[in-house]
Amino acid sequence: MADERDSGFVKEIRKQSADFPGWYTDVVRKAQLADYSPVRGCMVIRPYGYSLWENIRDPLDGLIKETGHENWYFPALIPLSFLMKEAEHVEGFQPEFAMVTRGGGKELEEPLVLRPTSETMIASVLRDYIQSYRDLPVLTNQWNNVFRWELRTRLFLRTLEFLWQEGHTFHETAAEAEEEVVRMLEQYRRIAEEWCAVPVLAGRKSDTEKFAGAQYSMSIEGMMVDGKALQMGTSHYFGDNFTRAYDLTFTGRTNERQYPYSTSWGVSTRMVGAVVMAHGDDSGLQLPPRIAPVQVIIIPIFRSDSERVQIDTALQQVLTDLEDIRVKVDWRDERPGFKFNEWELKGVPLRIEIGPRDLAKGEVTVVRRLNRAKQNVPLGDLGVTVPAMLEEIQAALFTRAREFREAHTVRLDSLEALVKFFDTSIGFVVTPWCGRTEDERTVKDRTTATTRVILGASGPAAQPCAICGRPASVEVAWGKAY
RNA sequence: CGGGGCGUAGCGUAGCCUGGCUAACGCGCAUGCUUUGGGAGCAUGAGAUCCCGGGUUCGAAUCCCGGCGCCCCGACCA
C-alpha cells in the first residue's frame with residue numbers, strides 16, 4: 001500500500017509532507033470544494049464544497065434549535081456609529097471594516113459597514129423588544145455571511161467574506177448567561193467530534209486571545225495533521241458590556257431597571273478547512289461518512305453494451321437497498337482507474353466496483369478510502385454491510401485523529417523545554433501557568449506559539465508556572481495556530 | 001504597509017535579453033474510431049485584445065514611460 005501511494009496515485013496535488021500549505025490549496029481546489037474568485041480574498045464555494053458545508057450546517061442548526069434558539073435575520077449593513085459604541089469592540093474590529101460610503105449615486109450621510117459580526121446591530125434592535133424580565137431570555141441565531149478585511153487569506157480558513165452562524169442571547173442573570181456560553185460550546189464540540197470526527201480541546205481563552213468586547217471567550221481547538229491548532233468555534237460571555245453600551249435594559253422582578261447579560265457564539269465555513277486538514281492525506285480529501293456529500297461511489301466496469309445493461313440491472317436492487325445512503329453511480333465515459341483516483345481525491349469514504357467478474361460471483365468489490373482495503377461483498381448483503389462500514393469508518397477517522405493528537409501532545413514544566421519542543425517538534429504542549437500576559441509574550445517571541453485554551457484549574461498541589469515560576473493557577477495548552 | 005516574483009488560448013508555460021514570416025508547446029475542450037478491474041491511444045478540430053494606456057520604430061509579445069491586477073514572504077484574525 002505504501003509504495004502505491006509513493007508511486008503517485010494522485011498526481012495533481014503536492015505532497016502533504018513536503019508542502020503542507022500547497023497541499024491544502026491543491027486539495028481544496030482539485031477536489032472542487034472551492035476556488036479563487038475574481039475578487040481578491042474572496043472564494044467561490046463550489047457545489048461539492050457547499051454540500052459538505054450543508055452537511056455540517058444542518059445538524060448544527062438542529063443542535064441550536066434543540067437548545068431553544070430561533071433563527072432571525074438582521075441587516076448586513078451596519079451604521080458605523082453602531083459599531084463605535086463599545087470601545088474594545090471597535091478597537092478590535094475597525095481595521096477589518098469594509099465600508100459602503102455611497103448609495104443611490106450620492107455620498108451617504110453615515111457610512112455603512114458590511115457586518116463583521118452582529119453584536120451591535122442585534123443589541124440595537126433588541127432594545128425595543130426587551131422590556132421586562134418576562135421577555136428574557138432571548139435566544140437568537142442567524143445564518144449569514146460576514147466580511148472582515150484580512151490581509152492574508154486562505155480558502156475556507158481566512159477569507160474576506162465567509163459564511164457562519166452567529167448566536168446572540170440575552171439573559172436575566174450572569175449565571176444563566178455563563179451557562180449558555182458553556183452549553184453552546186458543548187454543541188460545537190459535538191459537531192466537531194461526532195460529525196466532523198475532529199477531536200477538540202475545549203476551554204477558556206486567555207485574555208489576549210479573547211473576542212474584542214468580551215469578558216471572556218471559550219473555544220474548541222482541533223489539531224491539524226501538521227500539528228498546528230485550528231480554532232473551530234468560539235463562545236463568548238459579555239457580561240453587560242454590550243447591553244450597557246447600547247442602553248438595553250429591562251425591568252426586573254423587583255421593579256428596578258437592569259442590564260441583561262449577553263453572549264454570542266459562532267461556527268463558520270472554516271470548519272470545512274478543519275475537515276480537510278485533520279483527515280486528508282497525499283491522495284487528497286478524506287471525509288467522515290456523516291458529512292460526506294457522497295458516501296458511496298459506485299464505479300461500473302464494463303466492455304460491451306450488454307455488460308453495461310447487466311450491471312445497470314443489478315444496480316437497481318443495490319440502489320434500493322442503499323436508499324438511506326448518499327450513493328452516486330459514476331457512469332461517465334472515463335476509464336475506471338481515472339474514476340478511482342478522482343473519487344479518492346474527493347474523499348468519498350467507500351467505493352463499490354461492480355463488473356463482469358463480480359457479477360459472475362454475485363458480488364461487488366468494496367474499497368475503503370481509509371486504507372484502500374478491498375473486500376468482496378455479496379450483492380444481497382450491501383444493505384446491511386455498507387451502513388456498518390460507514391459507521392466503522394466514521395469511528396476510525398475520529399480515533400485516528402485523536403491518537404494523532406495524543407501522540408503530539410506533551411506535558412512540560414519549563415520554558416526551556418517548551419522552546420525546545422516547538423523548535424524540534426509539532427503539536428501541543430500542556431503546562432501549568434500563572435495566567436500572566438507577559439508569559440504569553442515571552443513564549444510567542446521565542447516560539448511563535450500561543451495559548452490555545454485553558455484546560456482547567458491546576459491541581460490542589462500548587463505547581464510553579466512553567467514560564468515564570470510564580471504559583472500556577474491553571475493548566476494551559478500551547479500551540480502554533482492558524 | 002515593507003521585501004520578492006509574475007501578467008501570452010480555460011489552465012500551465014516557451015518566446016522577450018539580441019524587435020522581423022501565419023505567436024509555439026503541454027494539459028484541458030469538441031468530434032470520430034479503438035479502448036475500459038488503478039489517471040488510455042490515434043486522428044481531426046475549435047480556441048489569443050500577448051494585462052491596460054502612451055511612446056520609439058518601416059515594423060513591438062519583445063525596447064522605453066506610466067498605470068492596473070495577481071501571487072509569495074514579514075505585523076492582525078472565525
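Remember, predicted model here, so these are calculated numbers, not experimental data. In the text below, chain A, chain B and the rest are named by the order of the sequence lines, each starting its count at 1. Side chains are part of it too, since the values below use all heavy atoms of this structure and drop only hydrogens, waters and symmetry mates.
The nearest whole Å value for the distance from the CD1 atom in A:I301 to the C1' atom in B:A40 is 15 Å. Per the geometry, CD belonging to A:E334 stands 15 Å off P belonging to B:G38, to the nearest Å. One atom, CG of A:D330, and another, C1' of B:G37, lie 15 Å apart when rounded to the nearest Å. The distance from atom CH2 of A:W343 to atom C1' of B:G38 is 16 Å, rounded to the nearest whole Å.
Using a 4.0 Å heavy-atom cutoff across all strands shown, A:R332 reaches no nucleic acid atom at all. Within 4.0 Å of A:T365, counting heavy atoms only, lies at least one base atom of the nucleic acid.
Partners of A:D439 by salt bridge (Lys or Arg N to Asp or Glu O under 4.0 Å), not counting sequence neighbours, listed by chain and number: A:R436.
Of the nucleotides present, B:G7 is the one that pairs with B:C68 by Watson-Crick or G-U wobble criteria, both distances under 3.5 Å.
Smallest separation of non-hydrogen atoms from A:Q295 and A:L390: O-CD2, 3.9 Å.
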- Under a 4.0 Å heavy-atom criterion, the protein footprint on nucleotides 70-78 of chain B, written with B, S and -, is SS-SSBBBB
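Legend: salt bridge (charged side-chain N to carboxylate O under 4.0 Å, His left out) pairs involving residues 199-210 of chain A, not counting sequence neighbours, sorted by first then second residue: A:E88-A:K210, A:K205-A:E221, A:E209-A:R452.
Taking atom P in both B:G7 and B:C16, one finds a spacing of 13 Å when rounded to whole Å.
The closest side-chain donor-acceptor pair between A:E166 and A:N144 falls under 3.5 angstrom. No hydrogens or angles considered: nothing links the side chains of A:S283 and A:E344 as a donor-acceptor pair under 3.5 Å.
For the side-chain contact (heavy atoms from CB on, under 4.5 Å) test with A:I352, the passing option among A:I299, A:L315, A:V327, A:V364 is A:V364; the others fail.
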